[in-house]
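Notes to accompany the following structure.
Along the sequence shown, the residues carry numbers beginning at 1. All values below were derived from every heavy atom in this structure, side-chain atoms included, with hydrogens, water molecules and symmetry-related copies excluded.
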Amino acid sequence: QVRLVESGGGLVQAGGSLRLSCAASGRSFSNYFMAWFRQAPGKEREFVARISWSSGSTSYADFVKGRFTISRDKSKNTVYLQMNSLKPEDTAVYYCAARPGLAGQYDHWGQGTQVTVSS
């Protein structure tokens, strides 16, 4: 069973930083794309960033470009989301997700970690 466990969320002031972690286990992720999504109360879930496990190639939503960085540590089976210059509108539950390539769906999800940005 694939398991994704997020951590690192919390309360931070606007302009501050947080680093989220996603511990992945259960299989080899060599052919996977790992991603971060977020969802605020009453809003739709939205894509934040993704990374190829093997190549490290990344892609970002426009609203986080220049502020957020996704990365992974293969030796630790961990995906990170470094969030800088945080804004109140970044407040949401952040989820880690995994899928076997771009053609597939995100079939595996973590439980989420709360990020709250105060103004």
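- One hydrophobic cluster, built from ILVMFWY side chains closer than 4.5 Å, holds both Val64 and Ile51.
- Listed for the Thr116 side chain is no donor-acceptor partner under 3.5 Å among the backbone atoms of Thr91.
- Of all heavy-atom pairs between Asp107 and Pro100, the closest is OD2-CD, 4.2 Å.
- Nearest heavy-atom pair across Arg45 and Gln39 is N-NE2, 3.6 Å.
- Here the shortest heavy-atom pairing between Phe47 and Ser59 reads CZ-O, 3.8 Å.
- Hydrophobic clustering (side-chain heavy atoms under 4.5 Å, transitive across Ile, Leu, Val, Met, Phe, Trp, Tyr) groups Val12 together with Val48.
- Met34 and Ala24 make their closest contact through CE-CB, 4.2 Å (heavy atoms, listed as atom of the first residue, atom of the second, distance).
- Distance check, rounded to the nearest 0.5 Å: CZ of Arg3 to CD of Gln111 gives 9.0 Å.
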Side chain to side chain contact (heavy atoms under 4.5 Å, CB included) between Leu86 and Phe68, intermediate numbers included = CA-CA 9 Å; Leu86 283 162; Phe68 292 7; 3.8 Å; yes

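- To the nearest 0.5 Å, atoms OH (Tyr60) and CZ (Arg50) are separated by 11.0 Å.
- Residues Ser7 and Thr113 have side chains not in contact (no heavy-atom distance under 4.5 Å, counting atoms from C-beta outward).
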Would Arg38 and Glu46 count as a side chain to side chain contact (heavy atoms under 4.5 Å, CB included) if you check the C-alpha gap in whole Å, the side-chain angles of each, and the deciding distance to 0.1 Å?
CA-CA 5 Å; Arg38 70 186 188 186; Glu46 62 183 352; 2.7 Å; yes

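- Pairs passing the disulfide (SG to SG under 2.5 Å) check and including a residue from residues 35-119, sequence neighbours excluded, read Cys22-Cys96.
- Side-chain contact, Ser55 with Ser57: no donor N or O sits under 3.5 Å from an acceptor N or O.
- Once rounded to the nearest 0.5 Å, the distance linking CG of Asp90 with CZ of Phe63 reads 8.0 Å.
- A heavy-atom distance below 4.5 Å is not found between the side chains of Ser25 and Val5.
- Using cut-offs of 30° and 60° for the angle between ring planes, the Trp109 and Tyr95 rings count as perpendicular.
- Here Leu4 contributes atom CG and Phe29 contributes atom CZ; the two are 6.0 Å apart, rounded to the nearest 0.5 Å.
- Salt bridge annotation for Asp62-Lys65: present, with a cationic side-chain nitrogen under 4.0 angstrom from a carboxylate oxygen.
- Atom-to-atom distance recorded for Gln82:CD and Leu18:CG is 8.5 Å, nearest 0.5 angstrom.
- The two residues Asp73 and Tyr80 come nearest to each other via the heavy atoms CB-CE1, 3.9 Å.
- Val117 and Phe37 are not part of a single hydrophobic cluster, where members link through side-chain heavy atoms under 4.5 Å apart.
- Shown here for Arg27 and Asn77, the closest heavy-atom pair between the two residues is O-ND2, 4.3 Å.
- Separating the CH2 atom in Trp36 from the CG atom in Leu20 is a distance of 4.5 Å, to the nearest 0.5 Å.
- A donor-acceptor pair under 3.5 Å links the side-chain atoms of Thr78 to the main chain of Lys76, judged by distance alone.
- Aromatic ring orientation, Tyr32 versus His108: tilted (interplanar angle from 30° to 60°).
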